[in-house]
Amino acid sequence: MGIFSILPTLAINQTASLNNEAKPSVASANETDNKLILISDVIENRIEKAAAILESTSRLPEMREPLQLGIFSPASKGIPENGDLERREIGREILSKYPQDFVSFLLLMPNGTVYLLEPFTRQQNLSTYDLSYRDYYKGVTQTKHTFLGNVLTSASSGRNQAQLAVSLIGVLSTGLNFKTYNEILQSLNLGGQERMVLLDSNGTKIADSDTKQQSSLLKSTHGDASFRNLQSFKNAVKGETGTVKEMVNGSNTEIKYKPVKAIQNNWVLLLFHSSGPSVISTYSNLRQTGNSTTNTPFNDTMLNSNITNKSKSSSLNTTVAEQLPPQSINGSKVPKI
């Protein structure tokens, strides 16, 4: 019997509803001045959908059976490909049914050792089967709640991803598909002077509206790391929404910013509007930045105002940053599996 014949009906209806809501919201964002608000809603819905699928999967009876620890093999970096086929089949069905949401399906033992990873080719390519140092493993084991980690680079695929995790008999985790978030931003009809980026709470790029920039699927670069130096990013990651003018590569640039609720964390949306000749040349390398005097709530009619920014509860920015490997804190490097 397939997994989707026994998943709770409520969860299936919920995820279907979230999926159907996304496309109309993106389309309407092209016709309004509230692009950040609408796009953040779309992204939050996408994250909530992924969490609902993972949580429902974790409640399946097959997923709660005792782990077959006796068949673990260091050579396989987990259990063999033909081991615990019920759980492997669930993982394969999840990846087949929701390819826009997930790129991997991972089950860890209680101590953080890999039990199984789908696709199995990823398991074969792991450089280590001990993932107990990962932020998502530490976060979910400490809180016992659904947890979304920051961007990491997978040694099994060579691409950036963020892991969503829930507590089970061990930890059940899925890698989010960054391609989908790029498509959401790139579906916007932005002007030639505009660019929108989606960042994690470390300032590492998840998605980019500019297709000419380095893909967020690739390993982070210095250019990506420099987003975290912007005052707009610092404000948004604290839960604030507003507009600032900052010097970016010598250009006085308007940046609108908004936090995106990402489970226990804040992701950040930045919308750049350059007064220079080309947004591509202005933002190809964000190295020189500085703060300006303009700092207003997000409202297109108030760009010359000095009103203080709105703030959301700081509880949305709960992280375990102190537990991350040091190279992930500065954003210039991200840890490998």
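FYI, the numbering just counts along the sequence from 1. All values below were derived from every heavy atom in this structure, side-chain atoms included, with hydrogens, water molecules and symmetry-related copies excluded.
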If you define the side chain from C-beta out and look only at heavy atoms, does anything of [X] sit under 4.5 Å from [Y]?
{"X": "F272", "Y": "E194", "value": "no"}
{"X": "R64", "Y": "L168", "value": "yes"}
{"X": "S216", "Y": "I206", "value": "no"}
{"X": "L199", "Y": "W267", "value": "no"}
{"X": "V151", "Y": "N202", "value": "no"}
{"X": "L190", "Y": "S209", "value": "yes"}
{"X": "M196", "Y": "L36", "value": "yes"}
{"X": "M63", "Y": "L172", "value": "yes"}

**Report entry** Counterpart residues, side chain to side chain contact (heavy atoms under 4.5 Å, CB included), relative to S73 (two or more places apart)
**Finding:**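 Result, side chain to side chain contact (heavy atoms under 4.5 Å, CB included) vs S73: A75, S76.
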
If you look at every heavy atom in [X] and [Y], which pair is closest and at what distance?
{"X": "T241", "Y": "P259", "answer": "OG1-CD, 3.3 Å"}
{"X": "S232", "Y": "I255", "answer": "OG-CG2, 3.5 Å"}
{"X": "I71", "Y": "P80", "answer": "O-CD, 3.1 Å"}
{"X": "G139", "Y": "T143", "answer": "O-OG1, 2.8 Å"}
{"X": "A236", "Y": "N266", "answer": "O-ND2, 4.0 Å"}
{"X": "V171", "Y": "A165", "answer": "CG1-CB, 3.8 Å"}

Query raised in the report: Are V114 and L85 in one and the same hydrophobic cluster, where Ile, Leu, Val, Met, Phe, Trp and Tyr link if side-chain heavy atoms are under 4.5 Å apart?
Result: no

Query raised in the report: What about L95 and F120, same hydrophobic cluster or not, with Ile/Leu/Val/Met/Phe/Trp/Tyr joined at side-chain heavy-atom distances under 4.5 Å?
Result: no

Less than 3.5 Å apart, any donor N or O on the side chain of [X] or [Y] sitting next to an acceptor on the other?
{"X": "T180", "Y": "D101", "value": "no"}
{"X": "N150", "Y": "S201", "value": "yes"}
{"X": "S132", "Y": "D130", "value": "yes"}
{"X": "E254", "Y": "T243", "value": "no"}

Requested in this report: Give a yes or no on this: more than 12 heavy atoms of other residues, nucleotides or ligands lie within 6.0 Å of atom CD of Q124.
Outcome: yes

Taking atom [atom1] of [X] and atom [atom2] of [Y], what is their separation to the nearest 0.5 Å?
{"X": "S173", "Y": "F147", "atom1": "OG", "atom2": "CZ", "answer": "11.0 Å"}
{"X": "S251", "Y": "E246", "atom1": "OG", "atom2": "CD", "answer": "12.0 Å"}
{"X": "E48", "Y": "I263", "atom1": "CD", "atom2": "CD1", "answer": "7.5 Å"}
{"X": "R122", "Y": "N125", "atom1": "CZ", "atom2": "CG", "answer": "9.5 Å"}
{"X": "S215", "Y": "F178", "atom1": "OG", "atom2": "CZ", "answer": "10.0 Å"}
{"X": "L54", "Y": "L164", "atom1": "CG", "atom2": "CG", "answer": "5.0 Å"}

Main-chain N/O of [Y] paired with [X] side-chain donor or acceptor, under 3.5 Å:
{"X": "N182", "Y": "D208", "value": "yes"}
{"X": "K205", "Y": "F227", "value": "no"}
{"X": "Q123", "Y": "I79", "value": "yes"}
{"X": "S56", "Y": "A52", "value": "yes"}

Query raised in the report: What residues, two or more places apart in sequence or in another chain, satisfy side-chain hydrogen bond (donor to acceptor under 3.5 Å, both in side chains) together with D84?
Result: R87, Y115

Query raised in the report: Going through the checks in order, is the side chain to side chain contact (heavy atoms under 4.5 Å, CB included) test met by Y181 and I47?
Result: CA-CA 10 Å; Y181 297 94; I47 296 171; 3.7 Å; yes

Query raised in the report: Given N229 and S226, is the side chain to side chain contact (heavy atoms under 4.5 Å, CB included) satisfied, shown in steps?
Result: CA-CA 5 Å; N229 297 322; S226 63; 4.1 Å; yes

Report task. Report the C-alpha separation of H273 and R195 in whole Å, then their side-chain angles, then the decisive distance to 0.1 Å, and conclude whether the side chain to side chain contact (heavy atoms under 4.5 Å, CB included) test is met. Result -> CA-CA 7 Å; H273 184 83; R195 177 188 177 194; over 6 Å; no

Requested in this report: Check step by step if side chain to side chain contact (heavy atoms under 4.5 Å, CB included) holds for L131 and Y136.
Outcome: CA-CA 10 Å; L131 302 183; Y136 61 88; 3.7 Å; yes

Requested in this report: Answer yes or no: is there an ion pair linking E44 with K261, defined by an N-O contact shorter than 4.0 Å?
Outcome: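 Result for this pair is no, no salt bridge flagged.
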
Side chains of residues 103-113: which donor-acceptor partners sit under 3.5 Å, not counting sequence neighbours?
unit_1: S104; atom_1: OG; unit_2: G175; atom_2: N; d: 3.2
unit_1: N111; atom_1: OD1; unit_2: T113; atom_2: N; d: 3.0
unit_1: N111; atom_1: OD1; unit_2: T113; atom_2: OG1; d: 3.0
unit_1: N111; atom_1: ND2; unit_2: T113; atom_2: OG1; d: 3.4

Requested in this report: State yes or no: are the ring centers of Y129 and F72 separated by less than 6.0 Å?
Outcome: yes

